[in-house]
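Inspection log for the structure reproduced underneath, given as structure tokens.
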Amino acid sequence: MLKSHSCGELNKKYAGKKVTLAGWVDRRRDHGRLIFIDLRDREGIVQVAFNPEVSDQCHKTANELRNEYVVRVSGEVTFRPPGTENPKLATGDIEIIAQDVEILNPSETPPFYINEDIEVEEGLRLKYRYLDLRRARMQANLLLRHRVVKFIRNFLEAKGFIEIETPILIKSTPEGARDYLVPSRRHAGRFYALPQSPQQLKQLLMVAGVEKYFQIARCFRDEDTRADRQPEFTQLDLEMSFIEQDDILDLFEGLFTSMVETAKPEGPAIKPFPRLTYADAMERYGTDKPDLRFGLEIGDLTDIAAQSDFSIFRSVVDKGGKIKGICAPGCATYTRKQLDELNRVVRELGAEGLITMALGTTTGSLDNLTLDMVRSVAAKFLSLGQIKEMAERLGAEMGDQLLIIAGKPEIVNVALGELRGEMGHRLKLAKPNLFAFTFIVNFPLLKRDEATGQWGPMHHPFTAPRDEDVPLLDTTPEKVRGKHYDMVCNGYEIAGGSLRIYTSHLQRKIFKLLGYSDEEVKENFGHLLEAFDYGAPPHGGVAAGIDRMVMILAGEETIREVIAFPKSQTATDLIFNAPSPVTEEQLAELHLRLREEL
RNA sequence: GGCCCCGUGGUGUAGCGGACUAACAUGCCACCCUGUCACGGUGGAGAUCGGGGGUUCGAAUCCCCCCGGGGUCGCCA
């Protein structure tokens, strides 16, 4: 090794010891005769003092040093003179008196600051990712991610799971996201596909008698990116045999609780994780991934509204619609402009409009509320009693603003769910350092495609229907609930899984319902159906987004911050400039010719 | 594919039709400084405003197209 110690590990216990360090110049402070260098390596920063009276040669070299120069320094760990200790630095009690210094490699002035955590345009960061990753924040994220993955491996190993790798070159199947394709040289006109997830492979491992499998699996989906979506991402993929739903949920509750306790001791997870049915989640939060760091639950006001003389309410009730709302605490003073903004949000989601109801302008008990203190288009059609009843149901007090939507139940829920999220964000209602996990269970097995009317899987086609709902497959498929569960944390979908179908006849029935022809089933899933006929055990599993979980733990806004080399929004790599053209020879070898696009 | 935001010295911002000969901070370069730690001081270099076209007497500023980055709807079993 070129160094005997790391910069960050040194403290007063090392005083008097001669050490050799190597790292990057974080900062130089030149006092003319005396020069200080903050030397940085992965473990931290330590101050090096260059005194010409100790070594004139060293002092001369120190004069040449600039930020990000790579240097090697030898010297004695020394107590700083009394009064000059730096409490902001972990190593601030001591410094290195340089006796020998060597520039291992100079550096250009970096395109952005390495030694300060300031916002830099992300494209530039991605182009110089190797410098971006040198920054303390990104080093911390890399380390956190490593620890999370290490923790998962240890935890699952202790529970009897074994890690098995599955192929990256596999087959394109019709369902799901767009595939990334890899042309075959050996088989003209044929393609591999990169896995969207190892779903079928892990089920085959269950048939193989593995019983408890997991993998830190790279997955690929050729769809548009988002702050929490990348073309390639990493899942904790897991599957077990001979289990029931609670076995998976309990396992994950234990895994993620301990993970948070280990990675973020200051912000523990609430346990046990609340378990909500899909129907409840939609009714109360308007989404299947509610952020439970704050309340602000949606309340049903239909019965009260039905009593009123407000024509909008009456007509919606007559058509079988719902009137629901949430309370925006302290927002009675919202301006017309602010309310218009909220109105726009819900209209974009298909709601007719937002009915707002400002409850006075001062705080206090609802007992003091009078009709003329209520600002709302609906006010004159409602009695004071009706208004108070609505307010109480939404947990409102004086000074709050009720946000009410009337219409089709699904639209009302989703729009209010969006408003709930928006208000939670604006009012900063989410408690910091809190990890609010929840399981969502009893999803519908199927959803209907709006355009075609065709049934599609809510999760994927291998999810088992609940036993008591199986007869409904033939009559009312929309009522069939699946043995599917999601895990949500702070409003992000972190994991999803299900108990699987493990008999070929039920799997065939589902495929048929999903509109696959016998031909397609045989071609794409024949191997799986055949496997089920060779003693497939009951099994189920789950997959968790590692990137998203680490993002939440790191307090970051995008998963790019916890991926070493992420793609840009347009799915390009800004360091390598990938994707890139290839030579005519390469294409010919792969039996490919490029289409002439318009 | 749609909608929205951003692009000004190396970096981060200000300027949003004429006073811009483009400002500020920081970084960079030089010199001074022996206890600083976001060291300090003095001086200096550095952008024709992402690219192209247009409107105008005049464009960083208004309009159109393109490129790049980001957010989002669709999409993501």
Side-chain angles (χ1 to χ4, degrees), chain A residues 26-39 45-54 59 63 66-68 78 80-89 91-92 95 97 108-128 131-132 173-179 195-197 199-200 219-231 233 344-345 348-350 418 443 445-447 449-451 455-463 482 484 493 496 498 510-511 514 516 524-525 543 545 557-558 560 566-572 574 577:
Chain A
D26 194 65
R27 217 177 283 275
R28 184 175 70 119
R29 288 178 294 279
D30 184 348
H31 288 243
R33 295 283 289 161
L34 194 59
I35 297 175
F36 298 105
I37 295 287
D38 286 343
L39 189 64
I45 287 174
V46 70
Q47 174 166 283
V48 184
F50 296 85
N51 190 331
E53 286 164 18
V54 174
H59 184 261
N63 248 319
R66 295 294 181 272
N67 285 356
E68 301 310 315
T78 313
R80 293 190 183 194
T84 68
E85 300 89 352
N86 184 356
K88 282 187 274 184
L89 216 54
T91 60
E95 64 189 358
I97 306 296
E108 296 290 324
T109 301
F112 49 81
Y113 300 95
I114 310 298
N115 52 15
E116 279 178 51
D117 186 24
I118 63 155
E119 288 296 318
V120 179
E121 191 197 322
E122 201 172 337
L124 191 68
R125 290 176 56 200
L126 290 178
K127 182 178 174 189
Y128 294 97
L131 295 180
D132 190 34
T173 54
E175 87 291 357
R178 268 186 283 269
D179 284 317
Q196 296 176 26
S197 87
Q199 182 60 36
Q200 291 191 54
C219 304
F220 306 86
R221 294 178 191 174
D222 187 4
E223 298 292 349
D224 288 353
T225 60
R226 287 289 185 278
D228 62 353
R229 273 165 38 189
Q230 281 270 299
F233 59 101
R344 194 164 43 78
V345 168
E348 277 170 13
L349 293 165
E418 189 68 28
F443 278 79
L445 185 70
L446 304 162
K447 64 180 175 208
D449 185 287
E450 296 282 331
W455 290 109
M458 188 83 172
H459 181 45
H460 59 49
F462 314 110
T463 299
H484 167 45
E493 182 190 325
S498 63
I510 297 291
F511 282 142
L514 294 173
Y516 293 123
N524 294 306
F525 307 107
E557 297 288 325
T558 85
R560 294 187 299 277
K567 302 283 188 288
S568 73
Q569 188 177 60
T570 50
T572 62
L574 295 177
N577 276 325

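Just so we're on the same page: letters track the sequence lines, and every chain starts at 1. Quick caveat: nothing in here was measured; it's all calculated off a predicted structure.
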Mind checking if A:E119 touches a base, just sugar-phosphate, or nothing, with heavy atoms under 4.0 Å? sugar-phosphate
By the 4.0 Å heavy-atom rule, please label A:G32 as base, sugar-phosphate, or nothing. base
Under the rule for side chain to side chain contact (heavy atoms under 4.5 Å, CB included), what residues qualify as partners of A:E116, not counting sequence neighbours? A:R27, A:Y113, A:I118
Just by modelled atom types, is the A:I35 backbone N or O under 3.5 Å from a matching donor or acceptor in the A:R28 side chain? no
What's A:T84 touching, base or sugar-phosphate or nothing? Going by heavy atoms closer than 4.0 Å. base
Name the nucleic acid region contacted by A:R560, choosing base, sugar-phosphate or nothing; use a 4.0 angstrom heavy-atom cut-off, strictly under. sugar-phosphate
Ignoring hydrogens and geometry, is there a side-chain-to-backbone donor-acceptor pair from A:T225 to A:A571 under 3.5 Å? no
Tell me what A:Q200 touches on the nucleic acid: a base, only sugar-phosphate, or nothing, going by heavy atoms under 4.0 Å. nothing
Quick check: do A:L126 and A:D132 have side-chain heavy atoms less than 4.5 Å from each other? no
Identify the nucleotide, in any strand shown, that forms a Watson-Crick or G-U wobble pair with B:A23, with both distances under 3.5 Å; if there is none, say none. B:U13
Would you indicate what A:I35 reaches in the nucleic acid, counting non-hydrogen atoms under 4.0 angstrom: base, sugar-phosphate, or nothing? nothing
Return the nucleotide paired to B:G35: Watson-Crick means purine N1 to pyrimidine N3 with N6-O4 or O6-N4, wobble means G-U with N1-O2 and O6-N3, both under 3.5 Å. none
Check: A:E223 side chain, A:A177 main-chain N or O, donor-acceptor pair, under 3.5 Å: no
Spacing of the P atoms in B:C31 and B:C16 (rounded, Å): 40 Å
For A:L574, answer base if it contacts any base atom (sugar-phosphate contacts may also be present), sugar-phosphate if it contacts only those atoms, and nothing otherwise; contact means non-hydrogen atoms under 4.0 Å. sugar-phosphate
Assign A:P81 to base, sugar-phosphate, or nothing according to its heavy-atom contacts below 4.0 angstrom with the strands shown. base
Neighbour count above 12 (heavy atom, 6.0 Å) for A:K127 NZ: no
Have a look at A:E95 and say if it touches a base, only the backbone sugar-phosphate, or nothing, with a 4.0 Å heavy-atom cut-off. base
Quick check: does any side chain N or O of A:H59 sit under 3.5 Å from a backbone N or O of A:R33, one acting as donor and the other as acceptor? yes
Under 4.0 Å between any heavy atoms, over every strand shown, what does A:T173 touch: base, sugar-phosphate, or nothing? Just pick one. nothing
Within the 4.0 Å heavy-atom criterion, would you say A:P461 contacts the bases, only the backbone, or no part of the nucleic acid? base
Could you run down the sub-3.5 Å N/O contacts of the protein with nucleotides 26-29 of chain B?
unit_1 : atom_1 : unit_2 : atom_2 : d
B:U26  : O2'    : A:Y113 : OH     : 2.5
B:U26  : O2     : A:Y113 : OH     : 3.0
B:G27  : O4'    : A:Y113 : OH     : 3.3
B:C29  : OP1    : A:R66  : NE     : 2.8

I'd like the P distance from B:A22 over to B:U48, given in whole Å. 11 Å
What does A:E121 touch in the nucleic acid at a heavy-atom separation under 4.0 angstrom: a base, only the sugar-phosphate, or nothing? sugar-phosphate
What does A:D30 touch in the nucleic acid at a heavy-atom separation under 4.0 angstrom: a base, only the sugar-phosphate, or nothing? base
With heavy atoms under 4.0 Å as the rule, sort A:Q47 into base, sugar-phosphate or nothing. base
Base of B:G74, side chain of A:R226 - is there a donor-acceptor contact under 3.5 Å? yes
